[in-house]
Student: 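Have a look at the structure that comes next, please.
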Amino acid sequence: MRISHFLLATLKETPADAEIISHQLMLRAGMIRKLAAGLYSWLPLGLRVLRKVEHIVREEMDKAGAQEVLMPAVQPAELWQESGRWDKYGLELLRFKDRHAREFCLGPTHEEIITQLIRHDIRSYKQLPANFYQIQTKFRDEIRPRFGIMRAREFIMKDAYSFHLDQSSLQNTYDIMFETYTRIFKRLGLKFRAVLADTGNIGGNASHEFHVLADSGEDAIAYSTTGDYAANVEMAETLAPQGERPQASQAMNVVETPEQHSIEEISQFLKVSPSQCIKTLLVKGENGIVALVLRGDHTLNAIKAAKYPDISSPLTFAEPNDIRELVGCDIGSLGPVNLNVPIFVDHSAAHLSDFVCGANKEGQHLTGVNWGRDLPEPQAIDLRNVEAGDPSPDAKGILEIARGIEVGHIFQLGKKYSQAMQALVLDEQGRSVILSMGCYGIGVSRIVAAAIEQNHDKSGIIWPQNIAPFTLALLPMNMHKSQRVRDVTENLYQKLQEQGIEVLFDDRKERPGVMFANAELIGIPHRLVIGERGLDKGVFEYKGRCDDKAQSVAMDNVIEFITSKIL
RNA sequence: CGGGGUAUAGCGCAGCCUGGUAGCGCACUUGGUUUGGGACCAAGGUGUCGGGGGUUCGAAUCCCUCUACCCCGACCA
């Protein structure tokens, strides 16, 4: 491609509303342009990258035996009513009416549509298992789209849905998809990690997320330093502390703590460590308010808490007014002693003795408090977020925490949708059986942003080779003044193209600095410079995007050299 | 949706407090000088000052109102 025939819309300045590096660089490199909140156009350069990601995903899905389909973005309300999600999905589902006042939505995901399709066309166990996928535009009316393409309202997703006669077949395809995803992210050239995950809105039982590791990632993932365990922090279990709880050695005392509310304030004021204090959080339960008790240095895991049947889901904090009415003080003075609501205590907090807590009276706290003596023995459950240094739940090694960008998610849905929508087949005995389902998503457009988050430097993007918009930048120095440079470059451009190499030929009348800066900003992995200087010595100059220094390559040898570099 | 903020040329911004008829840098066009790391000189084009209403002789500026966008929170590929 000659740049003179290509819209290279690079910017020197960073648009003000781009916060994260991938968004800034995608705008600066001229990959995308914003149309409205969460809606982006892809310019030629960006689209080339997007297509490469799609291509890899498509190849691997095909190899795994999945069949490609394409379903509509506009979906009738009836199907969503049938599955029960028309009411449940909430405002994220963009709804509208057609000219006949019939209700529709823009598809945020396609479980309903594929299930409807399959219940018509799959009748027999002989047609199973089957796995269908599409690469298609999704719409989710996010409350707050941000970070450019990373959290857009309209985005491109690869979604796949598999159908099975039984759980073991589902498990089998799930495992194949796990391996397929692993291959996809390896081919994309990204550092990633598969983790145990919560099933969220989609529902079902087993689930894994695939995260691209990047410090800017929105998710925290916990992984064992020595074992295989890895989980989204939302999901990661904590182990109960080992051994017996220490004996009580202090008497319970009321101390005056004027104006002291937060754990930090209390621990400094009383000169005790936060880990010797406990915090009491009042949340809504199925039957009125319940208390959650954690060690002062720990944080509540709302996802885990909401899974307990007595605790509201999603987790909702009690209203300050209700708390005042119930306890007679504000949030900063709560404690579990003589608190007249059901109390759930995290394992670590249940293992404390002689601890500090609020006295349920403004300006007072209790010290030397002990379970079983000053208040009943607690029912200990898992409520807190894991922290770096915690033992791994599989008892192998210690947990570390890393940041990740969720780019893939696989679920075993089971019969959630097939049951609701009556997707049945006949088994070998001629009995009707409800299908089991799996579903498997990849955020195709998000991968483009995630790749940049993980691979960039001061000069710009550093594309992994397999998704780079071009493989090689061909930069002639002052071609307009040197017929020799022009002839050699044109010739070389021809030859490289004959080798099937994707070359971006900077045939503009630009100064060298501009060419270098542009090629680096848009992240072309390999660069070849042709100048009078080198031609005198019979060489071109090669530099990889990550190399510190350029090297000379003999002109005669250049095709072999480049070919070996891009393998 | 709750809290905070912004809206002036394609992009980044100044002007607003104290009303007087719009400016700077980048980008763009033309010419020239340059040419191995985002050049320099000269000339040039570019605006419903987010929309609507009001106050005023006069509004980018003051008042009212609407809208869009951004940031923090809850949701997700």
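Letters A, B, ... mirror the listed sequences (proteins, then strands); counts begin at 1.
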Student: Return the nearest nucleotide to the side chain of A/Glu142; candidates are B/A77, B/C71, B/G38.
Tutor: B/A77
Student: So, is the end of the A/Arg446 side chain (NZ or CZ) under 6.0 Å from the ring centre of A/Phe155 and within 45° of the ring's axis?
Tutor: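 No.
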Student: Go through B/U35, B/C72, B/G36 for me and flag the one nearest to the A/Asn478 side chain.
Tutor: B/U35
Student: Identify whether any heavy atom of A/Asn518 sits under 4.0 Å from a base atom; if not, whether one sits that close to sugar-phosphate; answer base, sugar-phosphate or nothing.
Tutor: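 Base contact - A/Asn518 has a heavy atom under 4.0 Å of at least one base atom.
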Student: How is A/Met150 classified with respect to the nucleic acid when contacts are heavy atoms under 4.0 Å: base, sugar-phosphate, or nothing?
Tutor: base
Student: Expressed as a whole number of angstroms, how long is the span from A/Leu27:CG to B/A27:P?
Tutor: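 So the CG-P distance, A/Leu27 to B/A27, works out to 18 Å.
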Student: Just verifying a value: how many Å separate A/Phe6 CZ and A/Arg508 CZ, rounded to the nearest 0.5 Å?
Tutor: 11.0 Å
Student: Is A/Glu490 paired with A/Arg2 through a side-chain N to carboxylate O contact shorter than 4.0 Å?
Tutor: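 Counted as a salt bridge, because a side-chain N and a carboxylate O are separated by less than 4.0 Å.
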Student: Under 3.5 Å for both donor-acceptor distances, Watson-Crick or wobble: does B/U6 have a partner, and if so which one?
Tutor: B/A68
Student: Check the side chains of A/His298 and A/Lys279 for a donor-acceptor pair under 3.5 angstrom, ignoring hydrogens and angles.
Tutor: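 No pair is found: no donor N or O on one side chain lies under 3.5 Å from an acceptor on the other.
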Student: Given B/C13, B/A39, B/C71, which nucleotide is nearest the side-chain atoms of A/Glu19?
Tutor: B/C71
Student: If we ignore hydrogens and angles and just use 3.5 Å, is the side chain of A/Gln412 paired with the main-chain N or O of A/Ala206 as donor and acceptor?
Tutor: no
Student: Please work out if A/Lys481 contacts a base, only the sugar-phosphate, or nothing of the nucleic acid, heavy-atom cut-off 4.0 Å.
Tutor: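 It contacts base atoms.
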Student: Please state how far atom CD in A/Glu154 lies from atom C1' in B/A77, giving the value in whole angstrom units.
Tutor: 14 Å
Student: Let's see if you can work this out: which of B/C71, B/A77, B/C26 has an atom nearest to the side-chain heavy atoms of A/Phe155?
Tutor: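 Out of B/C71, B/A77, B/C26, the nucleotide with an atom closest to A/Phe155's side chain is B/A77.
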Student: Categorize A/Val444 for me: base, sugar-phosphate, or nothing, with a 4.0 angstrom heavy-atom threshold over every strand shown.
Tutor: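 It contacts nothing in the nucleic acid.
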Student: Does A/Asp17 reach a base, just sugar-phosphate, or nothing at all? Heavy atoms under 4.0 Å.
Tutor: sugar-phosphate
Student: Quickly work out the A/Tyr40 OH to B/A77 P distance and round it to whole Å.
Tutor: 20 Å
Student: Select base, sugar-phosphate, or nothing to describe what A/Glu13 touches, counting heavy atoms under 4.0 Å on all strands.
Tutor: base
Student: Return yes if the base of B/G37 and the side-chain atoms of A/Arg527 contain a donor-acceptor N/O pair under 3.5 Å, otherwise no.
Tutor: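 Answer is yes: a donor-acceptor pair is held.
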Student: Out of B/G36, B/C75, B/G38, which nucleotide sits closest to the side chain of A/Leu521?
Tutor: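 Among B/G36, B/C75, B/G38, the one nearest the side chain of A/Leu521 is B/G38.
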Student: Could you tell me the separation between the NZ atom of A/Lys509 and the P atom of B/G31, rounded to a whole number of Å?
Tutor: 9 Å
Student: Between A/Arg146 and A/Phe210, which residue's closest nucleotide on RNA chain B lies nearer the 5′ terminus?
Tutor: A/Arg146
Student: What nucleic acid atoms does A/Gly90 come within less than 4.0 Å of, heavy atoms only: base, sugar-phosphate, or nothing?
Tutor: nothing
Student: Mind checking who B/A77 pairs with, Watson-Crick or G-U wobble, both distances under 3.5 Å?
Tutor: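 Across all strands, not a single nucleotide pairs with B/A77.
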Student: Remember a base hit wins even if backbone is also touched, and classify A/His211 as base, sugar-phosphate or nothing at under 4.0 Å, heavy atoms.
Tutor: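 Touches nothing.
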Student: Heavy atoms under 4.0 Å, any strand shown: does A/Arg28 hit a base, just sugar-phosphate, or nothing?
Tutor: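 It contacts base atoms.
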Student: State the pairing partner of B/G37; accept Watson-Crick or G-U wobble contacts with both distances under 3.5 Å, and report none otherwise.
Tutor: none
Student: Near RNA chain B, counting only heavy atoms under 4.0 Å, which residues of residues 45-75 of chain A show up?
Tutor: none
Student: What is the distance, to the nearest angstrom, from the CZ atom on A/Phe516 to the P atom on B/U35?
Tutor: 15 Å
Student: At 4.0 Å (heavy atoms only), tell me whether A/Glu520 reaches a base, stays on the sugar-phosphate, or touches nothing.
Tutor: base
Student: Please tabulate, one pair per line, each protein N/O and nucleotide N/O from nucleotides 47-49 of chain B that are separated by under 3.5 Å, including the distance.
Tutor:
none

Student: Starting at atom CD of A/Glu510, determine the distance to atom P of B/U35, rounded to an integer number of angstrom.
Tutor: 16 Å
Student: To the side chain of A/Thr10, which of B/C75, B/G12, B/G38 is closest?
Tutor: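 Ranking B/C75, B/G12, B/G38 by closest atom to the A/Thr10 side chain puts B/G38 first.
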Student: Report which part of the nucleic acid A/Gly441 touches: base, sugar-phosphate, or nothing (heavy-atom distance under 4.0 Å, all strands).
Tutor: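 A/Gly441: no heavy atom of the nucleic acid under 4.0 Å.
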Student: With RNA chain B as reference, determine whether A/Arg151 or A/Gly531 sits nearer its 5' end, using the nearest nucleotide of each.
Tutor: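 Checking each residue's closest nucleotide, the 5'-ward one belongs to A/Gly531.
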Student: Counting only Watson-Crick or G-U wobble pairs whose two distances fall under 3.5 Å, which nucleotide matches B/C28?
Tutor: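 Answer to the pairing question: B/G44, which forms a Watson-Crick or G-U pair with B/C28.
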Student: Got a donor-acceptor contact below 3.5 angstrom from the A/Arg545 side chain to the A/Ile461 backbone?
Tutor: yes
Student: Could you check whether A/Met157 gets within reach of a base, just the sugar-phosphate, or nothing at all, counting any heavy atom under 4.0 Å?
Tutor: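 Sugar-phosphate: the residue A/Met157, judged by heavy atoms under 4.0 Å, touches backbone atoms but no base.
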Student: Could you check whether any side-chain N or O of A/Lys158 sits under 3.5 Å from a backbone N or O of A/Tyr440, counting only pairs where one atom can act as donor and the other as acceptor?
Tutor: yes
Student: Side-chain N or O of A/Arg33 versus OP1/OP2 of B/G10: is the shortest distance under 4.0 Å?
Tutor: no
Student: Quick one: does NZ or CZ of A/Arg48 land under 6.0 Å from the six-membered ring centre of A/Phe470, within 45 degrees of the ring axis?
Tutor: yes
Student: Taking atom C1' of B/A77 as reference, at what distance in whole Å does atom CZ of A/Arg140 sit?
Tutor: 6 Å
Student: If I take atom CZ in residue A/Arg511 and atom P in nucleotide B/G36, what distance separates them, rounded to the nearest angstrom?
Tutor: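 In whole Å, B/G36 P lies 7 Å from A/Arg511 CZ.
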Student: Side chain of A/Glu541 only, please: which of B/C75, B/G36, B/G37 is the nearest?
Tutor: B/G36
Student: Counting only side-chain N and O atoms of A/Lys12, is one of them less than 4.0 Å from OP1 or OP2 of B/C11?
Tutor: no
Student: Only pairs with both distances under 3.5 Å count, Watson-Crick or wobble alike; so what is the partner of B/C16 in this structure?
Tutor: none
Student: Name the nucleic acid region contacted by A/Ala152, choosing base, sugar-phosphate or nothing; use a 4.0 angstrom heavy-atom cut-off, strictly under.
Tutor: base
